[in-house]
Amino acid sequence: MKDHDAIKLFVGQIPRNLEESDLKPLFEEFGKIYELTVLKDRFTGMHKGCAFLTYCARDSALKAQSALHEQKTLPGMNRPIQVKPADSEGRGEDRKLFVGMLGKQQSEDDVRRLFEPFGQIEECTILRGPDGASKGCAFVKYGSHAEAQAAINSLHGSQTMPGASSSLVVKFADTDKERTLRRMHQMAGQLGIFNPMTIQFGAYGAYTQAIMQQQAALMAAAQGTCLNPMAAIAAAQMQQMAAFNVSGLVAAPMTPSSGTSTPPGISTAPVPSIATPIGVNGFSPLPPQTNGQPASETIYTNGIHPYPAQSPTVADPLQQAYAGMQHYAAYPAAYAPISQAFHQQAPIIPQQQREGPEGCNLFIYHLPQEFGDAELMQMFLPFGNVISAKVFVDRATNQSKCFGFVSFDNPTSAQAAIQAMNGFQIGMKRLKVQLKRPKDANRPY
DNA sequence: TCGTATT
């Protein structure tokens, strides 16, 4: 039915209105298709904009890749179609071996001779330092996974090379992903990033700062437009609260039981309170509401507001902002268990809609590294009804790329958000908030 | 630095 060495292709940048039957003709011209599957969300059935494609013949896949990959843009897409081997195919890593515990004086030829009996060697590289001295290890790539496996079976631990401290190591080389992960862990070790305490405080700190400054921006806007004594009073009150909150949050110990012998914030003891919502669910770090105001409901549905749209009036953002501030002020560790339970029950509602109407979609750059979709949403909620908030994430590292999109359901909210948030300082950076580039409307049919 | 999605 299909070649034993067939390649499964990943196809990206597919318009979400195209199904298998629409795509088939496009790909069939390169050969007989064995399987073509559009990826769908497992719960909602939502089209993910990509597909897997396997031809019966390996050659067809290669032809399709070279003819289509980055070569052609499907209607309605901004970027060219992607056609390349799926991640599951590995990047040749499944036939590449890492060889350790070689003798320092062994050459590439020596290693080749050792590995030749098990198959066709495509690549053989000794790892060397800057001075050219062997590091005692190498990469050997075979033509197939089976050959590589045979080499492992026969050679791993089979002998000890002169000058090596233990027997020969022969294993599959790390995949790119494994390498990246390893690097991340190394960096994390140096920076202490993966200490749960640190990452939570990092997120919370930046988030708090963003909220505080956001309040200031909102108040400035309110004062500027209203010239109303009440606004001035409200502003003064909120500034006071901001000061209170900052000191309360950052300086106070987070739990009564932690840190008797370590300073607050550096404790390595388990911290069940604030840590859990962010770390486990990626939810907003805001605590449960205590005052009956609606501003924080969104938090518990992972940023999706379960109620009809808030009106984008001046009063509404202020009210919400105010409610948010009270949460910070009032948040004690005692809320932790409630907060935790609440978060665990929060429904996961996948975002159905990504993009709003023209003029409603914002592009945001210079986001703090630790901001996720939820924080982005939270930050723009005061300006109107947020349809979606998406932070771009590097797929290999799961790290934010520090930019994202926010979509409102109306242009007025979008403009208000630009007014208030563009140039907004967070840490060392200033947010860049602008309308998303409109996708090219005048494409020749 | 412009909606990236890998069963």
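In what follows, chains are A, B, ... by sequence order, proteins preceding strands, each numbered from 1. Basis for what follows: all heavy atoms, side chains included, without hydrogens, waters or symmetry-related copies. Bear in mind the structure is a predicted one, so any value in this text is a computation, not a measurement.
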When rounded to whole Å, the CE to C1' distance for the pair Met46(A) and dT4(B) reads 14 Å
Send over the distance from Asp41(A) CG to dT6(B) P, rounded to a whole Å. 11 Å
State whether Gln82(A) places a side-chain N or O below 4.0 Å from either non-bridging phosphate oxygen (OP1 or OP2) of dT4(B). no
Are the side chain of Arg95(A) and the backbone N or O of Tyr142(A) linked by a donor-acceptor pair below 3.5 Å? yes
So if I take every side-chain heavy atom of Gln434(A) and compare against dT6(B), dG3(B), dC2(B), which nucleotide ends up nearest? dC2(B)
NZ/NE/NH1/NH2 to OD/OE distance under 4.0 Å, Lys436(A) and Glu355(A): yes
In terms of side-chain heavy atoms of Ser388(A), which of dG3(B), dT1(B), dT6(B) is nearest? dG3(B)
If you assign Glu89(A) and Pro80(A) each to the DNA chain B nucleotide with the nearest heavy atom, which residue ends up on the more 5' nucleotide? Pro80(A)
Against His156(A), only a single residue in Val99(A), Val170(A), Leu168(A), Leu97(A) fulfils side chain to side chain contact (heavy atoms under 4.5 Å, CB included); can you say which? Val170(A)
How many Å lie between CD1 on Ile14(A) and P on dG3(B), as a whole number? 16 Å
Take atom CE of Met77(A) and atom C1' of dG3(B), then tell me their distance rounded to the nearest Å. 9 Å
What is the distance, to the nearest angstrom, from the NE2 atom on His47(A) to the P atom on dG3(B)? 17 Å
What's the CG-C1' distance between Leu435(A) and dT1(B), to the nearest Å? 15 Å
N-O pairing of Glu70(A) and Lys84(A) below 4.0 Å: no
Nucleotide nearest Arg437(A) (side chain, heavy atoms from C-beta), chosen from dC2(B), dT6(B), dG3(B): dC2(B)
What does Phe405(A) touch in the nucleic acid at a heavy-atom separation under 4.0 angstrom: a base, only the sugar-phosphate, or nothing? base
Regarding Lys401(A), tell me which of base, sugar-phosphate or nothing describes its non-hydrogen contacts under 4.0 Å with the strands shown. nothing
Does the ring centre of Phe172(A) sit less than 6.0 Å away from the ring centre of His145(A)? yes
Go through Phe383(A) and Phe408(A) one step at a time and tell me if the ring pair (Phe, Tyr, Trp, His ring centres under 6.0 Å) criterion holds. CA-CA 9 Å; Phe383(A) 306 103; Phe408(A) 290 97; 7.1 Å; no
Ordered by number, residues from residues 50-68 of chain A within less than 4.0 Å of DNA chain B (heavy atoms) are Cys50(A), Phe52(A)
When you check the gap from the basic side-chain N to the acidic O, do Arg58(A) and Asp3(A) get nearer than 4.0 Å? no
Looking for any heavy atom pair under 4.0 Å, which part of the strands does Lys40(A) touch: base, sugar-phosphate only, or nothing? nothing
Salt bridge or not between Glu19(A) and Lys40(A)? Use side-chain N to carboxylate O under 4.0 Å. yes
Phe392(A)-Phe405(A) aromatic ring centre distance below 6.0 Å: yes
Measure from the side-chain heavy atoms of Arg79(A) and tell me the nearest of dC2(B), dT4(B), dT6(B). dT4(B)
When you get a sec, tell me which of dT1(B), dT6(B), dG3(B) is the closest nucleotide to the side chain of Asn361(A)? dG3(B)
When you get a sec, tell me which of dT1(B), dG3(B), dT6(B) is the closest nucleotide to the side chain of Lys84(A)? dT6(B)
Closest listed nucleotide, where the reference is the side chain of Phe10(A) and the choices are dC2(B), dT6(B), dG3(B): dT6(B)
Given atom CZ of Phe392(A) and atom C1' of dT4(B), what is their separation to the nearest angstrom? 5 Å
Proximity to the side chain of Ser407(A) - top-ranked nucleotide from dG3(B), dT6(B), dT1(B): dG3(B)
Report which part of the nucleic acid Ser88(A) touches: base, sugar-phosphate, or nothing (heavy-atom distance under 4.0 Å, all strands). base
In terms of side-chain heavy atoms of Lys390(A), which of dT6(B), dC2(B), dG3(B) is nearest? dG3(B)
Let me know the distance between CD of Gln369(A) and P of dT1(B), rounded to the nearest Å. 13 Å
What is the nucleic acid contact for Asp394(A), judged by heavy atoms within less than 4.0 Å: base, sugar-phosphate only, or nothing? nothing
